[in-house]
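Worksheet: one structure, shown below.
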Amino acid sequence: MKFSQLFIPTLRETPAEAEAISHILMLRAGYVRQLAAGLYIYLPLAWRAMKRINAIIKEEMDAIGAQEISMPGLHPAEIWEKTGRWGEIGDEMFRLKDRGGRDMCLGMTHEEIITWLASMEIRSYRDLPQMWYQIQTKFRDEARPKSGILRTREFIMKDSYSFDRDEKGLEESYQKHAEAYHRIFQRCGLAFYQVESDPGMMGGATAHEFMAPSPAGEDTIVICDKCGYAANVELALSIPVGATPCGCTGQAQGPAPTEDIATPDKRTVAEVSAFLEADPSCFIKSLVLIGPEGPFLALVRGDQELHEKKLQRIIGAFRAAQKDEVKEILGVGAGFIGPHNHKLKKIADISLKGGAYISGANKEGFHTRGIKPGSHFVAEWHDIHVAKGGDGCSQCGAALREENVIEIGNIFKLGTKYSQPLRAVYLDENGEEKTIVMGSYGIGPARIAAAAVEQNNDSDGIIWPLSIAPFDVEIVVLSGDDKELADTAGRIYRELQDEKFEVLMDDRDERPGVKFKDADLLGVPCQIIIGKKALKEGLVEFKIRKTKETVRIAPSDTVARIKELYGRV
RNA sequence: CGGGGCGUAGCGCAGUUUGGUAGCGCGCACGGUUCGGGACCGUGAGGUCGGAGGUUCAAAUCCUCUCGCCCCGACCA
């Protein structure tokens, strides 16, 4: 296509509202425009990239036997009420009423709808398994849309759902998806990890996320380079490195006595640690929490953070105790609480096993030194700290690495969470009614695009992976009024098109500098520069955007060079 | 939802402290000169200063309310 006929509104300056690199570049290069918070218009270039991403997704989904369908974006509330999510999901769901006053919502996902379909149509084990998918718009009234296209309130998602007779079938569907996802992200040219993730509200036991490393990512994962363990910190297990020896008397053999030390007005770990000149890892942080069965104490090492989700999975919903509640329960103010000398239920982090520690003395203005877990207090032991880089891997002990990532896809084993309430059942060979076992699998194509830009750019602009670039080649014609240049450009343009390459030809009446700058900004993987300099010698220039490497070649060699670049020889 | 920041021409910004009737750069239009890394000269178009109310002879500027956008946190199928 000709540049002069395409709408590519490039910007010389960076719009003030953009922060993330992908956001800045997509605005500057004329890919997207913002309509409102979390709502974006995809201009021709962005839409071309999206179409290529979607094409790859479709090919790989089709390859595992998934069938493309399309479901409405507008849903009746009734179905969401049946699964309980109408009530469970809060402000994140866009809700409205139709003219008849019926409650409706804009779909944030399609488990309910597709399960309804399955419940209506699937009768027999002979109908199973099935895998259905769509690439369609989702609506979520995000509390905080951010980073351009990365977190929006309306977005396109590839969502697929598997229907199987049993867990074994689900496992197969799940693995097929995992493999398809690997191929998809690989083909899209992304660096990515598959990590263990928290099934969260989706229910079900197993879930993985596909994560593209990027500083702009809002998720954090830990990775073990030795054994391959990789998990979202939302659930990652780890072994914090050992506590710094602090000369506590309790380090000695046997149940040594504890010692109370005056620590007036020193309440936080940081304060007491500074006051006593002891490393934070020598402390036990004692948090008074109110759980379903009343107050209890959560204990983590002074240098660790309590992981609320982990704790919640163990004890159920809980909240922090108010200041006056703390006083009522233990008779001492927050800041001087310790795990010893009382019978309150305790859940302690595994990092506290062994050693001796300092903690609140349970009397105002004092801390106790030499507390030995196990002998000075009894607790239930769990991993309830937040895993972080440097911790030991829970599988092999090697050091974990921490990385920020963009979630580009996820796969969930749903089990019967939706098929049961919606009565999606089938009859097996024995005529027995069984509940369909489901899986749910998502990919965010816009996040693939954004992640690709985040991972591939330089100070001049975007550098698209070959597979998802809006164009394969950009022909930069310097001085558009020169007939010889235009003829050469036109010839190459046609030859490339005949070979089914997507070609962008910059035929604008612009100065060379502007064309070079725009070409680099747009990020088409390679450029054919046609200018008088080289053409005098009968040559054109072939430039790789990524490396800026430029070679002079005969115009007649252009197609061959580009075929070679694209591996089509 | 809590904390912070910002709304002035299409974009980036100054002007707000100390009220006096809106400016710079880029872009845009036209003419001319240029033409291998975002050219130059000249002419010109373009603004309810986010909105509402108030104070004042006079409000972009002061006061009150409100809307929007961005960032941090909480939240996040």
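Order of the sequence lines fixes the chain letters, A, B, ..., with proteins taken first and strands second; residue numbering starts at 1 for each chain.
Of the candidates G25(B), C35(B), A77(B), A77(B) carries the atom nearest the Phe412(A) side chain, counting heavy atoms from C-beta on.
Remark: Lys82(A) NZ to Arg423(A) CZ distance equals 10.5 Å, nearest 0.5 Å.
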Enumerate donor-acceptor pairs with a distance under 3.5 Å from any side-chain N or O in residues 447-457 of chain A to protein atoms, sequence neighbours excluded.
unit_1    : atom_1 : unit_2    : atom_2 : d
Arg447(A) : NE     : Leu150(A) : O      : 2.8
Arg447(A) : NH1    : Glu407(A) : O      : 3.0
Arg447(A) : NH2    : Leu150(A) : O      : 3.2
Glu454(A) : OE2    : Ser22(A)  : N      : 2.8
Glu454(A) : OE2    : Ser22(A)  : OG     : 2.7
Gln455(A) : OE1    : Ala191(A) : N      : 3.0
Gln455(A) : NE2    : Ala191(A) : O      : 3.1
Gln455(A) : NE2    : Pro213(A) : O      : 2.9
Asn456(A) : ND2    : Ala452(A) : O      : 2.8
Asn457(A) : ND2    : Val453(A) : O      : 2.9
Asn457(A) : ND2    : Glu454(A) : O      : 3.1

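Every side-chain contact (heavy atoms from CB on, under 4.5 Å) that Ala77(A) has, sequence neighbours left out, goes to Glu81(A), Trp86(A), Asp103(A). Scored by the side-chain hydrogen bond (donor to acceptor under 3.5 Å, both in side chains) test, Asp219(A) finds no partners at all (sequence neighbours excluded). Every residue was checked against the side-chain hydrogen bond (donor to acceptor under 3.5 Å, both in side chains) condition with Glu541(A), not counting sequence neighbours, and none meets it.
Arg511(A) has a side-chain polar atom (N or O) that falls below the 4.0 Å cut-off from OP1 or OP2 of A39(B).
When rounded to the nearest whole Å, the span between NZ of Lys543(A) and P of G37(B) equals 12 Å. Summarising the geometry, the separation between CG on Asp509(A) and C1' on G36(B) is reported as 15 Å, rounded to the nearest angstrom.
Here the rule is side-chain hydrogen bond (donor to acceptor under 3.5 Å, both in side chains) with Ser238(A), and of His385(A), Lys388(A), Gln304(A) only His385(A) fits it. With Val437(A) as the fixed residue, the side-chain contact (heavy atoms from CB on, under 4.5 Å) test singles out one of Glu171(A), Glu167(A), Lys413(A): Glu167(A).
Atom P of G36(B) sits at a distance of 49 Å from the matching atom of G20(B), rounded to the whole Å.
Nearer to the 5' terminus of RNA chain B, by closest-nucleotide assignment, is the contact made by Phe516(A) (compared with the other of Phe516(A) and Tyr441(A)). Two residues, Arg552(A) and Lys309(A), neighbour RNA chain B, and the one matched to the more 5' nucleotide by heavy-atom proximity is Arg552(A).
At a non-hydrogen distance threshold of 4.0 Å, nothing from residues 68-83 of chain A comes into contact with RNA chain B.
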Output one letter per nucleotide in nucleotides 69-75 of chain B: B when a protein non-hydrogen atom lies under 4.0 Å from the base, S when only the sugar-phosphate is that close, - when neither is. SSBBBBB
